[in-house]
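Only a predicted model underlies this, so the values are computations on that prediction, with no experimental measurement involved.
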2 protein chains.
Amino acid sequence: MTIESGDTAQDGSAASAAVTERSAETREAILTAAERLFAERGMSPVSNRQIGAAAGQANNSAVGYHFGSRTELVVAILRRHAAPIERRRAAMLAGLDTTSQLHDWIRCLVQPLTDHLADLGHPSWYARFLAQADIEPALRRVMVDNAAASPTMGQVVDGLCQLLPALPEHVHAERGAMSRQLIVHTCAERERALHEGGPTAHPTWQATATGLVDAIVGLWLTPVTPA
Amino acid sequence: MTIESGDTAQDGSAASAAVTERSAETREAILTAAERLFAERGMSPVSNRQIGAAAGQANNSAVGYHFGSRTELVVAILRRHAAPIERRRAAMLAGLDTTSQLHDWIRCLVQPLTDHLADLGHPSWYARFLAQADIEPALRRVMVDNAAASPTMGQVVDGLCQLLPALPEHVHAERGAMSRQLIVHTCAERERALHEGGPTAHPTWQATATGLVDAIVGLWLTPVTPA
DNA sequence: CCTTGAATAAGACACCCGACTTAGCTGGTC
DNA sequence: GACCAGCTAAGTCGGGTGTCTTATTCAAGG
């Protein structure tokens, strides 16, 4: 039998604390292993067996037992990072006021992720994982749904709309998509360079965020060539 | 025995025109099938057997016969599109002069691809294929090597360097990478939307190019926040 | 002490894959 | 006409994978 999605099984009263704790530990181990393997090799070529083995599980179907489907596994990885990122964004939003510039608002878009990546230390895999999930045709929908579910993200978008020049609806949508792509793939590229020991454009995640904010500000403020 | 990479086998004098032509036809069929399957499902989950079957080949190892390795298959797909794109870029470069603006040079970066995609008609898969190859860890190197081998690309970069404000070396590299990411993934996103019948930011590839050029110009002209 | 149920271990089964081998077909060469 | 080389068809084989089934461990409760 598989566990119902979402939380660990503690329905009724039968589940003991020790058991659920052990389960939670292996869940974490599986999530960590899966995130690493996905980032390194991509999603599809990594089998559930390999993930389980990398997580120290001898059971063939350990992954299937704790997470029903592949999609739920990905969602669980996203959720594990979403919480701290949301917390950072909420804190940054609280520091804004009516005198804040466009830079400050866009920084709320970028820095929660880069700070989180910096906090993860070296090596990290989350940025590359995000890039993989962003491309995988079957997972894009999960990505955007997960992003849309973020309450702080909505606040940032609202704030941006008031500061930005009036733009046609389709240009607004286009540049939003571009901003997302820049953030995800630039972070992934830097993380990859860090992992391989190659050269990086910026010495720190903080500097990377600054470069990204500059670029995205320019992207939004550039004039629209009429069709 | 496998064919040596590159062209079809016509060493010595034994190869007849009819045979090589038949071989070229199945090569084309395999390339077309592979490009479509890769774009739809990603690289790794698609097996050589499936590609061969989709190309109408009954042989298990048809792909392995015509293309030695997986990488060479990808390179062959890239090369098939590279030629017409190069041709377009060369023609655009010939139309530039000393009065050309930054917009015009950056258009030489974007429009050869978008025009090519428009020329492919509907449905096309090349943009999504590029995005997949850009992410696949094992294929990134092939991508950049292939791009660096383009002579017209070098001319564009040279032209841009003269028009752009003086930028620190690392910022220059960063924004170049961002430009590439924007082009590839924005085109992939539009192609995906076209394929799924969803809404698109722009009605045509031409308009998409204009939006991309605007964004990339803004990206390059935005001031650099000092560290 | 024995049972209960969750979590894991260990294995069985059918399936698909890549690599390899063999055979058949076709069109040119001598 | 015999021959040959390139291309394709068809099949074999070992290995990895997902799913399912059974056995084992372990803590809590009667």
Under 3.5 Å side-chain donor-acceptor pair for A:Ser44 and A:Glu136: yes
Verify the contact: side-chain N or O of B:Ser23 to OP1 or OP2 of D:dG6, cut-off strictly under 4.0 Å; return yes or no. no
Between NE2 of A:His66 and P of C:dA7 the distance, given in whole Å, is 7 Å
Please give, in whole Å, the distance from C:dG18 C1' to B:Glu72 CD? 16 Å
How are the rings of A:His81 and A:Tyr126 set to each other: parallel, tilted or perpendicular (split at 30° and 60°)? parallel
When rounded to whole Å, the CD to C1' distance for the pair A:Gln50 and C:dC17 reads 14 Å
Whole angstrom value for the distance that separates C1' of D:dT17 from CZ of A:Arg41: 14 Å
A:Glu25 has an atom CD; how far is it from atom P of C:dA6, in whole Å? 19 Å
Using atom CZ of A:Arg27 as one end and atom C1' of C:dA6 as the other, report the distance to the nearest whole Å. 14 Å
Is it true that A:Glu86 and A:Ser150 share a donor-acceptor pair across their side chains at a distance under 3.5 Å? yes
Answer with base, sugar-phosphate or nothing: what part of the nucleic acid does B:Ser61 contact at a heavy-atom distance below 4.0 Å? base
Checking only heavy atoms, does the side chain of B:Asn60 share a donor-acceptor pair with the base of D:dG11 at less than 3.5 Å? yes
Check the side chains of A:Arg70 and A:Asn48 for a donor-acceptor pair under 3.5 angstrom, ignoring hydrogens and angles. yes
Check this one for me: any side-chain N or O of A:Tyr65 less than 4.0 Å away from OP1 or OP2 of C:dA7? yes
Is a donor from one side chain sitting under 3.5 angstrom from an acceptor on the other, for A:Gln181 and B:Thr186? yes
Measure distances between side-chain N and O atoms of A:Arg49 and base N and O atoms of D:dG16, and say whether any donor-acceptor pair falls under 3.5 Å. no
Considering only C:dC17, C:dA9, D:dT19, which nucleotide approaches the side chain of A:Asn59 most closely? C:dA9
Side chain of B:Ser47 only, heavy atoms from C-beta on: which candidate in D:dT8, C:dG18, D:dT17 is closest? C:dG18
Nearest of D:dG18, C:dC20, C:dT8 to any side-chain atom of A:Thr26? C:dT8
Euclidean distance, atom CD of residue A:Gln57 to atom C1' of D:dT17 [Å, nearest integer]: 18 Å
